[in-house]
Amino acid sequence: MSDSTPPKNEPEKPGDALAEKAKSAYQWWDNLATLNADDPLWMGALKIGVRVLGVLILLALSPLILLGVMLAFIAVA
């Protein structure tokens with residue numbers, strides 16, 4: 001006898017779907033940019049470039065995200 005119960009068939013919330021898509025996109029990006037021991041030198045340099053590009057994109061988006069959060073708080077208040 002096992003203690004695990006089968007998952008209930010609850011309708012998926014839109015926020016859950018968005019979170020799952022963001023998680024899968026991050027995992028894809030992380031797998032793309034992960035350095036492996038058997039990678040040639042040029043591949044390692046390319047993967048480091050991909051990491052740097054990802055950081056630059058996140059830095060460029062952060063002011064817009066903060067602005068969106070501030071507007072959301074203003075709209076609620």
Side-chain angles (χ1 to χ4, degrees):
M1 187 156 102
S2 100
D3 291 332
S4 64
T5 59
K8 296 180 181 177
N9 291 334
E10 297 177 9
E12 190 170 316
K13 298 175 186 172
D16 293 341
L18 182 62
E20 186 64 35
K21 186 160 178 83
K23 181 179 175 183
S24 66
Y26 173 76
Q27 287 175 343
W28 173 82
W29 188 271
D30 192 46
N31 289 336
L32 178 72
T34 299
L35 294 173
N36 298 317
D38 56 344
D39 286 341
L41 185 61
W42 66 270
M43 181 67 74
L46 182 65
K47 287 183 176 185
I48 290 172
V50 167
R51 285 272 182 200
V52 169
L53 179 65
V55 169
L56 291 175
I57 289 172
L58 289 175
L59 286 174
L61 288 177
S62 64
L64 298 175
I65 293 169
L66 289 174
L67 180 64
V69 169
M70 286 175 23
L71 288 176
F73 278 118
I74 291 170
V76 171

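Note that the numbering runs from 1 along the sequence shown for the chain.
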Stepwise side chain to side chain contact (heavy atoms under 4.5 Å, CB included) check, N36 with K47: CA-CA 10 Å; N36 298 317; K47 287 183 176 185; 3.5 Å; yes

Verdict with reasoning, R51 to D30, per salt bridge (Lys or Arg N to Asp or Glu O under 4.0 Å): CA-CA 8 Å; R51 285 272 182 200; D30 192 46; 2.7 Å; yes

Smallest separation among heavy atoms of V50 and W29, with atom names: O-CZ2, 3.3 Å

Pairwise distance CG(D38) to CE(M43) - rounded to 0.5 angstrom: 10.0 Å

Within one Ile-Leu-Val-Met-Phe-Trp-Tyr cluster: L64 and I57, side-chain cutoff 4.5 Å: yes

Separation between CG of L32 and CG of L46, rounded to the nearest 0.5 Å: 7.5 Å

Spacing of I65 atom CD1 and L58 atom CG [to the nearest 0.5 Å]: 7.5 Å

Inter-residue atom distance L53.CG - I48.CD1, 0.5 Å rounding: 14.0 Å

More than 12 heavy atoms of other groups within 6.0 Å of L71 CG: yes

